[in-house]
Amino acid sequence: MASCAVEGGCPSDYVAVSISILSIILLLAKAVAPYLIYKIPRPKGSSFWLVAIQVLASFNLLLSIVMALNFLKFKGRHWWNSCYIWAVWLEGPLGFGLLLSCRIVQGFQLYNIFVKRRLPPIRSYIFLPLVLLPWIAGSVFIHMKKPLNNLCHMGTQWIIPVICLHALYIAVLVGLTGAVQHVEFRFHELKDLWRGILVSACCIGIWVVAYILNEVHEEISWVQIVSRFLLLVTTSILVLAFFSISLSQPLVSLMSLRKKDHPEYETMGHALGIPDSGLLLQGEPTQFADPNEPLDKLLLNRKFRQSFMAFADSCLAGESVHFYDEVQQLEKVPDNDHVRRIYMARHIIDKYIAPGATMEVNISHRCRQEILSTLDLAHPDLFKNAVNELMQLMKMNLVNDYWSSTFFMKLKEDMRTVNHELEEFGGWNFSHRLSSVHCADDPFHQEHSPSKPDSNICDSDLQ
Amino acid sequence: MGSLCSRQRHYNQADSEENAQTAEIERRIEQETKAEKHIQKLLLLGAGDSGKSTIFKQIKLLFQSGFDEAELKGYIPVIHANVYQTIKILHDGAKELAQTEEDSLKYVISDENKENGEKLAEIGARFDYPCLTKELAQDIEALWRDNAIQETYSRGNELQVPDCTQYLMENLQRLSDTNYVPTKEDVLYARVRTTGVVEIQFSPVGQKKRSGEVYRLFDVGGQRNERRKWIHLFEGVTAVIFCVAISEYDRTLFEDDNKNRMVETKELFEWVLKQPCFEKTAFMLFLNKFDLFEKKVLQVPLNVCEWYKDYQPVSTGKQEIEHAYEFVKKKFEELYFQSTAPNCVDRVFKIYRTTALDQKLIKKTFKLVDETLRRRNLFEAGLL
């Protein structure tokens, strides 16, 4: 019994190690499951890396505890048995420190976006190492001074500053969370932050107790065994509880694993509760597809917008129309509801404006910079210039070809069937209207002649 | 076909009609697939503002039925939009330069044109432009002649001033006429940023003759966000016509104020050359906008562009222009051979000097391209 307390290999040790392995597996499953089950593509940028770093840091933390406290019996002393690798480096800068730094980065981003209403001035991949710097400095210092005994315990005068460093980071996290707590988040951001604080505070409490017991009663073997067993098991549980998927933005939490909590959302607009726009009212005359109308008025109608969007998608030019659609949804959010406006604006920026975005739109450099460096994400005119530029683009490129496309003909057919049901309006014959308009200045005038030799890709089946 | 005939014996009269129809449809499908194989796919690639859509329009003019009056009139809003946008860019540019430059007085618009300028800038900021009336045209002309605007125009390479500015401003009277019908030249000068993909099908010997090759030409947008759509077109391409605006060595991108256009084109050309689908594809490099290059190279030295920094001018006048052009051509040749893997060295690569606005030149150039492709096809079929 005595030997296993010192060298490791007690049955309780093996139980604890297997619990920690189980928790790592569960952690990986929790991280990877939304992507596998819902087949969402892997996100790029900070939302992927921060989560990956969290998983790695959790693994490091557990491994450091296992190795530093001699859970496993190793024959002889190898160079990698060194206490400093496990108890100092892996536990600090690569374990607990990294975990808390990720959360601090998240808190900082939320603070910038929702309280100061601008995009974070420092990129997270620069900010994270900066936050980690004190840990690295501390580890270097300890490594040079070498205060650890061969049981990997530090003296009391070393434990106190180490615990203080741990507590400092928790205090910083509490401060950041306090700064954003008045914001009404739509997804679980605040809950995650508080949970993270609670978890790490519990962790510290238990460690303090365990360290004290370990240090003070170095000779009593059962104290050693029990305290390190408790340490590992509680750390395993808390590492699981600490984990959060949506560190920098609530994308994956739009699709939850527990369906009864939230239904599946397809768009950010749905997730924020913005109603669809432009339903054709009963009394409205059905002449919406009038080529004389300016494009922005036509796009207000939902059926036209959907048909036009499908046409643009077929010509690989759909992003402009989708962008316009989502900006319209943004405009429906009332001006004083800053939080929802900021969510929607941020979503639009990530999807359409950021260089390299999936549906990046064709706007000038100045326009893009104005949006990315704005001082107020909730400003009502944030996207006005971009919308103007893209309306021009749509008018010059897509609209003329749309009138002679199959999509428009299908729309006419649909409206004709609706027309028959609304008997107040004598049948409007759309093709009649189109070809009878002859105006020198009419930009949308188009001879309705499918025999034109040129076409957009979508019309190749017409030939 | 043989199996169909043998099956017919087992069916009665009504079914045999259906079979005949099916046979007819199958034969048509076979014909079309054979025809499809003979359609040669051409892609117009290049950075933004390199002249791809102008070449596209030229091909339409040359080998299809050209533009009828309705189509020409359809370009009126485009041309008017160009006018409004250009004068707005110049006006806003002048204001900005007046604030940031030390010698700011020469960029300050004179008092009588100030109000005009503000009004025109406000019009240019809308997305629904008014029709260009004689009155507005006069205002625009007055603003254009202002010294500040002319000074700003001379620094047009720092702003995103379109190439057609001079042409539009000189023809304002004609463009604002109530019965204005754009000429072919107007249509070619009109500037629209392409988004998405546009295609036409044509035959260089005219549609009546059946023995000619059939080409399907695709035009794309050149800005960075448009390039991720190019990949959908890369399969089975006979030839890539890569357009380069050689006059743009001192300008920055529309979508990124910090990148030189020539350097971007160089990187883009490298990227296109290294694509695996283009192993057997012919590359026709169109060194475009030669007319603007001629004028610019005598005033702005080539070495302002970092890719051309080893350029040494040797003389003046026409000789210098030729020397500069040869230098640029050699740079692109070197780039081509650097970026071509050993397994692609036998693909066709030709360089042409073009001015997309010149119809005769484009016709001649395209005939050369057509000849090259036909020779290559015969070679591949083993007949040469």
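Letters A, B, ... are given to chains in the order of the sequence lines, protein chains preceding strands, and every chain is numbered from 1. Values below: all heavy atoms of this structure, side chains included; hydrogens, waters and symmetry mates excluded. In this text, all values refer to a predicted model and were calculated from it rather than measured experimentally.
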Got a sec: does the NZ of B:Lys259 have more than 12 other heavy atoms crowding it under 6.0 Å? yes

Taking atom CD as the centre, does B:Glu122 end up with more than 12 heavy-atom neighbours from other residues, nucleotides or ligands that are less than 6.0 angstrom away? yes

For B:Arg228, which atoms come within 4.5 Å of any heavy atom of chain A: side chain, backbone, both, or neither? side chain

Part of A:Ala312 within contact of chain B (heavy atom distance under 4.5 Å): neither

Pick from A:Arg366, A:Glu389, A:Met396, A:Gln392: which one has the most heavy-atom pairs with chain B under 4.5 Å? A:Gln392

Do the charged groups of B:Asp256 and A:Arg368 touch, with an N to O distance under 4.0 Å? no

Hey, what do you get for CG (B:Asn225) to CD1 (A:Ile363), rounding to the nearest 0.5 Å? 8.5 Å

Which atoms of B:Gln85 are under 4.5 Å from chain A, going by heavy atoms: the side chain, the backbone, both sets, or neither? side chain

Within 6.0 angstrom of A:Lys384 NZ, more than 12 heavy atoms from elsewhere: no

In Å, rounded to the nearest 0.5 Å, how long is the span from CG of A:Leu390 to OG1 of B:Thr195? 8.5 Å

Would you call B:Arg227-A:Glu360 a salt bridge at under 4.0 Å N-O? no

Looking at B:Arg126, B:Glu69, B:Glu226, which makes the most heavy-atom pairs under 4.5 Å with chain A? B:Glu226

Testing the 3.5 Å rule here: is there a donor-acceptor pair between the side chains of B:Arg193 and A:Asn362? yes

Can you establish whether the number of heavy atoms outside A:Lys297 located under 6.0 Å from its atom NZ is more than 12? no

Which portion of A:Glu319 sits near chain B, non-hydrogen atoms under 4.5 angstrom: side chain

When the 4.5 angstrom heavy-atom criterion is applied to B:Val78 and chain A, the contacting part is both

Just verifying a value: how many Å separate B:Ile231 CD1 and A:Leu316 CG, rounded to the nearest 0.5 Å? 12.0 Å

Within a radius of less than 6.0 Å around NZ of B:Lys95, do more than 12 heavy atoms belonging to other residues, nucleotides or ligands occur? no

Donor-acceptor pair, distance only, cut-off 3.5 Å: does the side chain of A:His365 make one with the backbone of B:Asp257? yes

If you count heavy atoms of other groups shown closer than 6.0 angstrom to CZ of B:Arg174, is the number above 12? yes

Please classify the contact between B:Glu255 and chain A as side chain, backbone, both or neither, with a heavy-atom cut-off of under 4.5 Å. both

Say whether, by atom type as modelled, one donor and one acceptor occur between the side chain of A:Asn388 and the main chain of B:Ala125 under 3.5 angstrom. yes

